[in-house]
Structures are given as structure tokens and as C-alpha cells.
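As C-alpha cells, the structure follows; a few thoughts come after it.
Numbered from 1 within each chain, the chains take letters A, B, ... in sequence-line order.
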Amino acid sequence: MANLPQTTNFIRDIIIEDIKNNKYNGKVITRFPPEPNGYLHIGHAKSICLNFGLAKEFNGKCNLRFDDTNPSKEEQKYVDAIIEDVKWLGFDWEDRLYYASDYFEQFYNWAVELIKAGKAYVCDLSSEEIKEYRGTLTEPGKESPYRNRSIEENLDLFERMRKGEFKEGSRVLRAKIDMSSGNLNMRDPVMYRIKHEPHYRTGNKWCIYPMYDWAHGLSDSIEGVTHSICTMEYEDHRPLYDWFLDQLNIYHPQQIEFARLNLSHTVLSKRKLLKLVNEKYVDGWDDPRMPTLAGMRRRGYTPEAIRDFIERIGVGKKESLVDIALLEYCVRKDLNEKAPRVMAVLNPLKVVITNYPDDKVEYLQAINNPEKPEMGVREVPFSKIIYIERDDFMENPPKEFYRLTLNREVRLRYAYYIKCIDVIKDGAGNIVEIHCTYDPETRGGWSPDGRKVKSTLHWVSASHCIEAEVRLYDYLFTKERPDETEEDEDFTNYINPKSLEILKSCKLEPSLANAKPGSIYQFERLGYFCVDTKDSKDGSLVFNKTVGLKDEWSKILKKSNFNISS
RNA sequence: UGGGGAGUCGUCUAACGGCAAGACGGCAGACUCUGGAUCUGCUUUUAGGGGUUCGAAUCCUCUCUCCCCAGCCA
């Protein structure tokens, strides 16, 4: 895959140093800890590749752990989707599938321990009051009036919280740390809240649920994680992560933070992605325009391409915006090697080859993948009436256009040289078909007299081709940074109205009749397209455009501001 | 204005006191039965000031800019 000299990163350097110093007995154990409250996206892929990749590299293990401490947001369907996506990306946690919810009893016992040590207390302040008492960024907080309850009372109250004697929101368990800390996370953070709500795994067994800060480090500790890798926004939480582990005096992993991925022209926050789904800006989490792994998979992106991309963007602590062009480069690079080539005409223009015999059909040999001769050849039918791409003919072309125009000769790929002799229009002046002659001497696309043509067009035989729907995708957002919104503006303002274009009756070469859902092809001269796994059926195929080929001509068009409408 | 973090080509990442490098993008060109692929070349960088040093992106210092934190979310 990536033939680059592998470039290191600061986390790898830390691990190498730790192994050298025999910290953790030279072991490396990491974990990928998603909350099952949504679908995984390309940003998660960075974390997955990092955690699983580092573990593999250093002969360690990486666990998959669901951080399921909040029953109001979590669902089994997300667990299932996440499992599928991590597998698809190519990683294996073997038998180490864990759930924070499996540790609830242990967390509870540790909380009791902290209460007994006078390090935690039950607080009766309302959430609004807790907020008030917390102080501000610049002013210290005030201590809760319940802060100095006796250990006995705390123990009793906490037990009764668990038993369900109290209303939701009436009490919480808090760590007794420092209400004047400059770090807000240390101002007596909440460890447990009451939620009379069933949990998708523990059902009604619990009505108190641990907060992230309390649960996360403990889970890491239980699992023997050595390097707990998370994103930068948790940097402020590290002192608390350390504090809990230190108070309990249990095995203490180290938390390391890296910068999360930002991608141009896309949003990568669960909240925003959820909004796109809920408000129907897209057609579900697996809409091919979504940056979710499910969406990208449906779009035709390969795990190899995504992993290569993640490898190339590197890992650091500075916030950055990666150009989506790099992702597209990785996809093209991978698909160029893998995808069989076929001919498909998306916007058909009828061509009559006037000097070709009416009923003749020839089968011409076409190469499946010039990058990989071992992928063999196939035969493509040719006849008197064919379709070419409308864009491949221009009546009054600019000089840079070297496709078909009146009186010019071009090559039909793998077939013949043809020359345009007539343009047929309807009453409104629209071109309805063109007439060409072919040179029988050029069969296969070679001219015996060695004359050259400037271009080669793809085509399909009208009487043999099959029809299909093709969906073209563009960036979901027109703005490079849709997250960067002006005041009273929403990121949805930047949604690209042309992010989806549906072409209903595209003409495909007949070899595609049996194309399997999920299979990916290169439509020659156009791009990579995959058979949609959801809407495609036998006999009515639907293709998704994965990514276009590099397109010099469109650049020329853009530069010169030509009107594309011939 | 409290606490935490970050500043290297347009973008991403490397260089760990010793020639600022690679990739993507962009621009040119070569080649080509995909205006694809491939190949070649060019493009352009240490936020700023001061200091230490034979030598600083790297160490010290001051300044500037950007990001994160006031959920009983993770």
C-alpha cells in the first residue's frame, strides 16, 4: 500500500521510549473506545488506525471497548454498525470486545472506596446550582454546602441512590478535589448521576450511571491499557484521569492526546452528521455523500485507500485541515490498480455510422486493466448505431478541444477511426444525432498508414447496451470549512445543492449486466463507479460515482471559461 | 482577563543543536488507443523580536496569533 518511507509520529516515539525503558514490561495495549451513539466516520478511522496500528506494530493488543455509560444516547444498532465498520476497515480485536457497562459493579465499589477515604461526597445541589457554584473561567468556584457530609451519611445516601430511592437530578456523587482549580474539570466533578432509564445492555439493573471521567480511566486500568490515546480536547481531563487512578492506587495507564482530523468540505461532528440525517439533507448515515465509514463504503471507497490516507496525514498535536484532494488521490491510486475498465456513456449522443453495414455486429477485444494485464480481456459488441458522450462532440469547438467535431477524425476505443460528416438537429436547434463514416482499415483502433488522431472516445453499441441509473456526487459542502459559520448562520447554509445528480438512462456496455452489488469499475475516461448495495437490483442497476479521474479537459474549460453547451 | 494546548511550503507531515525534506495540490513538459495511468521539472516554508552558540525550526526570553475548557454528554 503505502510505499513511502514510514514517517514516525510523537506517539510512536513515546511508545518506543517506553519499551526501551521497560515501562509496562515492554507491553503495548491500546483501545478504541467509541460511544455507541452514532456511526463511525473518517475521523474515527484515524483513531482506529492509530490504536490498532500501533498495537500491531509493537506486537501488542488493541481492544474494542464500547464507552456506554449514558443510556439516553446509546443503542445496540450503533454497536452493530460500529463492529461492522471496524472489521471492514481491516482490524481485529480477537476476543477483546469490551463494554464499560460490564464494569459498572467494579466502578461502584471503587466509588464506595473513595467515599470511605473522604474523597467523594453526595451532593444535593441542582444542576443549575452546581453550575453556579462552579465559578467561571476566571473566577474560582464555591464549595458545595454538602461537601462536608460525614462518610457514613455519604455511604448511606450513595447506596440509596443506587437503590432508586431518589428522583433523577436530585443528587449526584462528586469527587472532592479543588473548587478553586484553574482547571474546571477539577472543581469537584460529578462522578455519578441518577437516570431512571433502561440501558441497552444492563436494562433496569442500574439507575445511577458513571460519568466519562470517572469511567474511562478505570476501564483502561481494568483492561491493562498502557497507552490511552484520545483527542486533544481531553487534555484538560488528564489531571482528573490521573487523580482518580492515583486516589484508588490502581494500575495507571498514560493518556496521550493527538489532534483530531478535520477534512475540507466536510463536517465531522456526530451532532452535525446526526442533523444531516434527521433533517433529511442526506439519505441516512450511509448516504454516499456522508463522511461515515458506512457512507464511504457505499460510495466505493476501499479500506486500503482509507488506511493509506490516514497513514499519509500523520499524527500531531496541532489542529489542521486536511485537503479532501488527498483522500481522493488515495482512492484513485488504489482503484486504478484494482478496478476493471469498462465503457459507459452517461449522457448519450446517438451516432450513426453511415457506411457500416446495417445488420453487422463485430466483437472487439478490450483490455480489462492496462495496469494489470493478468486481468485479461473481454469482447465488446460494435454495430452501426452507437452512443458517445454528448461532451465528446462540439459543433464549434475551441482550439483546445480535440474530440469529435464536424470533419474531424477520432478513434473509438478498441474499434475504428470515425469521421463526423453531418449533424442532425431538431426544430429547436438541439443536436439529436450525428452521422459519421468509419474507416474499415482501422479495425481495433489502429491505422495501417500510421496516421494519428488526436483523441480516443468511449462508446457503446445502441442495440447491445444496457441501461442503468448513475448517481454523481460532489462535495456535500461548497465551503472549505463548513464549520466556520458567521453569526446566526448554520453549517447547513453551505450545503452544496448539486451534491447529488441522478442520471437515469445511462448506456453501459453489456458485460456489466451481471455486475455485483459493491463491485467497482472504472468507466473509461470518466471515473470509478460502484454498484450500489442498497438500491441496485438485477435488471435495474444503480451505480455510484466513487471519484472522478483526473480531468485535464475540465481544467482547460474552467480556465478559459468556455460554455460547455457546445 | 483563569487553566490547558498549538504555530515549518497553498495543504498535511518530517528534520530531536549541524545542508529545511517528502507527499498532496498547482504550473510546465515527456509519453500514451483513457485529456486516465506513468515519468520529468518547477512552484513555496521555520509567526515576530531579542538572546545563548562556531552553528538555532530545534535551547532561553519576550511578544503575537489560533484552538480547547464553565454538561448531571463522551
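A search for side-chain hydrogen bond (donor to acceptor under 3.5 Å, both in side chains) contacts involving N9(A) returns nothing, not counting sequence neighbours. With sequence neighbours left out, S126(A) forms a side-chain hydrogen bond (donor to acceptor under 3.5 Å, both in side chains) with E128(A), E129(A).
In this structure, I556(A) atom CD1 and G26(B) atom C1' are separated by 15 Å, rounded to whole Å. Atom pair L549(A):CG and U34(B):P shows a separation of 11 Å (rounding to whole Å applied). Here C12(B) presents its P atom at 18 Å from CG of D308(A), a figure rounded to the nearest Å. Summarising the geometry, the separation between CG on D213(A) and P on A70(B) is reported as 11 Å, rounded to the nearest angstrom. Distance F107(A) CZ to A74(B) P: 11 Å, rounded to the nearest Å.
Among the protein residues, H237(A) comes within range of the nucleic acid bases, having at least one heavy atom under 4.0 Å from a base atom. Across all strands, V190(A) comes closer than 4.0 Å only to sugar-phosphate atoms, never to a base (heavy-atom distances). Residue contacts shown for L321(A) are limited to sugar-phosphate atoms, with no base heavy atom under 4.0 Å away. L326(A) comes within contact range of the sugar-phosphate backbone alone, with a heavy-atom separation under 4.0 Å but no base atom that close. Heavy atoms of F309(A) sit nowhere under 4.0 angstrom from any nucleic acid atom. Heavy atoms of M211(A) sit under 4.0 angstrom from primed sugar atoms or phosphate atoms, though from no base atom. Residue V453(A) is out of contact with every strand shown, counting any heavy-atom pair closer than 4.0 Å. Counting any heavy atom pair closer than 4.0 Å across all strands shown, P370(A) reaches a base atom. R134(A) comes within contact range of the sugar-phosphate backbone alone, with a heavy-atom separation under 4.0 Å but no base atom that close.
Atom C1' of A57(B) sits at a distance of 36 Å from the matching atom of U38(B), rounded to the whole Å. Between the C1' atoms of G18(B) and A23(B), the separation comes to 25 Å (whole Å). Here the separation of G36(B) from G29(B), taken at their P atoms, is 13 Å to the nearest Å.
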Task: Residues R31(A), H216(A); criterion side chain to side chain donor-acceptor pair (under 3.5 Å); working and verdict - done: CA-CA 11 Å; R31(A) 99 269 94 114; H216(A) 202 89; 2.7 Å; yes
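Residue ring and base: Y212(A) does not count as stacked with A74(B) (centre distance below 5.5 Å and interplanar angle below 30° not both satisfied).
Residue-to-nucleotide contacts include a donor-acceptor pair under 3.5 Å from the side chain of D236(A) to the base of G3(B). Side-chain N/O atoms of Q522(A) and base N/O atoms of U34(B) include a donor-acceptor pair closer than 3.5 Å. Not a single donor-acceptor contact under 3.5 angstrom links the side-chain atoms of E257(A) to the base of G4(B). Within 3.5 Å, a donor on the side chain of R403(A) pairs with an acceptor on the base of G35(B), or the reverse.
In the set G35(B), U34(B), C12(B), G35(B) carries the atom at the smallest distance from any side-chain atom of Y402(A). Proximity note for E235(A) (side chain, C-beta onward) versus G5(B), G25(B), A37(B): the nearest is G5(B). Here the nucleotide nearest the side chain of K317(A), chosen from G5(B), G36(B), C12(B), is G5(B). Distance from the side chain of T138(A) is smallest to G2(B) among G35(B), C16(B), G2(B). The listed nucleotides are A74(B), C27(B), G35(B); the one nearest the side chain of K559(A) is C27(B). For I313(A), the listed nucleotide lying nearest its side chain is C12(B); candidates were C12(B), C24(B), A74(B). Comparing G36(B), A23(B), C24(B) by their closest approach to the side chain of R312(A) singles out A23(B). Nearest nucleotide to the side chain of Y234(A), out of C73(B), A74(B), G36(B): A74(B).
For the OP1/OP2 pair of C73(B) and a distance below 4.0 Å, the side-chain nitrogens and oxygens of R193(A) include at least one atom meeting the criterion. Listed pair K131(A) / G71(B) meets the phosphate criterion, a side-chain N or O lying under 4.0 Å from OP1 or OP2. Taking side-chain N and O atoms only, S181(A) has no distance below 4.0 Å to OP1 or OP2 of G2(B). Under 4.0 angstrom from either OP1 or OP2 of G26(B) there lies at least one side-chain N or O belonging to K555(A). Considering only side-chain N and O atoms, R238(A) lies nowhere under 4.0 angstrom from the phosphate OP1 or OP2 of G5(B). Between K318(A) and the phosphate of U13(B), there is a side-chain N or O to OP1/OP2 separation shorter than 4.0 Å. The side chain of R413(A) places no N or O atom within less than 4.0 Å of a non-bridging phosphate oxygen (OP1 or OP2) of U32(B).
Side-chain contact of R341(A) with N368(A): a donor-acceptor pair under 3.5 Å is absent, judged by distance alone.
Positionally, the nearest nucleotide of RNA chain B for Y329(A) lies more toward the 5' end than for the other of E524(A) and Y329(A). Taking the nucleotide of RNA chain B with the nearest heavy atom to each of L137(A) and R525(A), the more 5' of the two is matched to L137(A).
Applying the salt bridge (charged side-chain N to carboxylate O under 4.0 Å, His left out) test between D124(A) and each of R149(A), K167(A), R174(A) identifies R149(A) as the sole match.
Across all strands shown, the partner of A23(B) is U11(B), judged by Watson-Crick or G-U wobble contacts whose two distances both fall under 3.5 Å. When both distances must be under 3.5 Å, the Watson-Crick or G-U wobble mate of G17(B) does not exist.
For K338(A) and D334(A), the salt-bridge test passes: some basic side-chain N is under 4.0 Å from an acidic carboxylate O.
Summarising the local packing, NZ of K479(A) is surrounded by more than 12 heavy atoms from other residues, nucleotides or ligands at distances under 6.0 Å.
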